[in-house]
Amino acid sequence: MESCNINIMLVEDHKLIRVGIKTLFDETEGYNVVAEAETAKDAVLNAIKYKPDVIMLDIGLPDKSGIKVIKELQESNIHSKIIILSSRNNLDEIVKCLEYGVYAYVIKDINTEMLLNIVKSVNKGAMWLDPKIVPMLRSQRDSVVPQKKSNRASFKSTHSNLTEREYEVLKLVVDGKSNNDIAKELCISEHTAKAHVCNIIQKLVVDDRTQAAVKALKEGIV
């Protein structure tokens, strides 16, 4: 049976980086780079021509911002899922990307295995934010998504199936803490911290810890 590949377009003006990412996908079953672009202009033209499932887009392009590319793709009725892969973590740019509906914002120091998993999950409709930028969004959550008129008490009431400990863990997840960080802060084992995070993900009906953090941000936990 023929495998179902995720068709990807890479938009990156640094050739060395672009070739490295392409090589990663070419050598991994289930991924197929159908187009590449170095400029914003070529990105829009190639997206219209190839209609990739996923577009991996850098913000800092030589002729135009990647954010403007996103807007042009929307105006061209291109429905590819967009992943921002950037070395920049400017809050205004991050918020603008999220306002325009990107599915993921990834910092370039991501490891290769995680990048492959992000592309796969985004292709299925999941959202992913680099843990480094989640805390940056805390003060800007109203700009990212309309926040429910909620507070800590009402969030706990809405999600009463969360235990007090899970609620504490969730706050640390929102802060971008790893399982190891959570374990140290709450004086529990890393295994227990991981179990709490898994329970939270299940109870909030999300796919991963980042989506749990995003949901908490949306509903006013912080």
Side-chain angles (χ1 to χ4, degrees), residues 3-134 136-137 140 143-145 210 214:
S3 62
C4 183
N5 288 330
I6 302 171
N7 291 325
I8 303 164
M9 182 173 80
L10 303 178
V11 185
E12 168 62 63
D13 62 316
H14 289 92
K15 185 175 181 179
L16 185 62
I17 295 175
R18 192 175 69 253
V19 169
I21 297 172
K22 184 178 187 300
T23 300
L24 170 66
F25 290 129
D26 285 346
E27 293 179 351
T28 307
E29 185 178 357
Y31 303 86
N32 181 36
V33 177
V34 295
E36 300 176 55
E38 296 183 13
T39 65
K41 179 180 178 181
D42 287 343
V44 174
L45 291 174
N46 285 344
I48 293 171
K49 179 178 180 180
Y50 293 100
K51 296 179 174 58
D53 301 312
V54 174
I55 297 175
M56 190 164 292
L57 174 67
D58 189 11
I59 289 180
L61 300 174
D63 56 337
K64 195 179 295 184
S65 166
I67 296 173
K68 292 184 178 179
V69 173
I70 300 170
K71 187 174 182 180
E72 290 184 25
L73 291 173
Q74 291 176 338
E75 292 171 350
S76 300
N77 204 30
I78 298 297
H79 300 296
S80 305
K81 296 178 175 67
I82 297 175
I83 296 173
I84 298 295
L85 182 63
S86 178
S87 58
R88 292 151 65 160
N89 60 355
N90 178 279
L91 180 58
D92 290 338
E93 290 179 338
I94 295 168
V95 170
K96 185 61 68 175
C97 287
L98 294 174
E99 286 177 344
Y100 282 175
V102 304
Y103 278 76
Y105 197 105
V106 183
I107 304 300
K108 282 183 177 177
D109 63 358
I110 194 82
N111 68 63
T112 54
E113 183 179 357
M114 180 64 74
L115 184 60
L116 292 169
N117 288 334
I118 291 168
V119 172
K120 186 179 295 184
S121 63
V122 162
N123 187 57
K124 294 178 180 178
M127 180 180 180
W128 195 91
L129 298 177
D130 196 295
K132 296 182 184 66
I133 69 173
V134 171
M136 298 172 59
L137 296 172
Q140 294 292 324
S143 300
V144 179
V145 289
T210 304
V214 170

Do you know the tightest heavy-atom contact between Asp63 and Ala40? OD1-N, 2.8 Å

Shortest non-hydrogen contact from Ser86 to Ile59? OG-CB, 4.4 Å

Counting only N and O atoms by type, is there a donor-acceptor contact under 3.5 Å from the side chain of [X] to the main-chain atoms of [Y]?
X	Y	value
Ser80	Pro52	yes
Asn32	Asn5	no
Asp53	Asn7	yes
Asn90	Asp92	yes
Asn123	Ile6	no
Tyr31	Leu116	yes

Side-chain touch [X]/[Y], heavy atoms, less than 4.5 angstrom:
X	Y	result
Val54	Ile83	yes
Leu61	Val11	yes
Tyr50	Met9	no
Ile70	Cys97	yes
Ile82	Tyr103	no
Arg18	Glu38	yes

Looking at [atom1] of [X] and [atom2] of [Y], how far apart are the two atoms once the value is rounded to the nearest 0.5 Å?
X	Y	atom1	atom2	result
Leu10	Leu85	CG	CG	9.0 Å
Asn46	Lys41	CG	NZ	11.5 Å
Ile94	Tyr105	CD1	OH	4.5 Å
Ile110	Leu115	CD1	CG	7.0 Å
Thr112	Phe25	OG1	CZ	10.0 Å
Ile48	Ile78	CD1	CD1	5.5 Å

Mind running side chain to side chain contact (heavy atoms under 4.5 Å, CB included) on Leu129 and Leu98 for me, showing each step along the way? CA-CA 10 Å; Leu129 298 177; Leu98 294 174; 3.7 Å; yes

Filter on salt bridge (charged side-chain N to carboxylate O under 4.0 Å, His left out), then keep only pairs touching residues 104-126, sequence neighbours left out; what's left? Glu12-Lys108, Asp58-Lys108, Asp109-Lys132

Going by the salt bridge (charged side-chain N to carboxylate O under 4.0 Å, His left out) test, which pairs reach into residues 72-82, not counting sequence neighbours? Lys64-Glu72

side-chain contact (heavy atoms from CB on, under 4.5 Å) with Ser121: which residues, sequence neighbours excluded? Ala126

Using a strict 4.0 Å threshold on nitrogen-to-oxygen distance, state whether Glu93 and Lys96 make a salt bridge. no

Yes or no on side chain to side chain contact (heavy atoms under 4.5 Å, CB included) for Val106 and Ile84, after CA distance, side-chain angles and deciding distance? CA-CA 6 Å; Val106 183; Ile84 298 295; over 6 Å; no

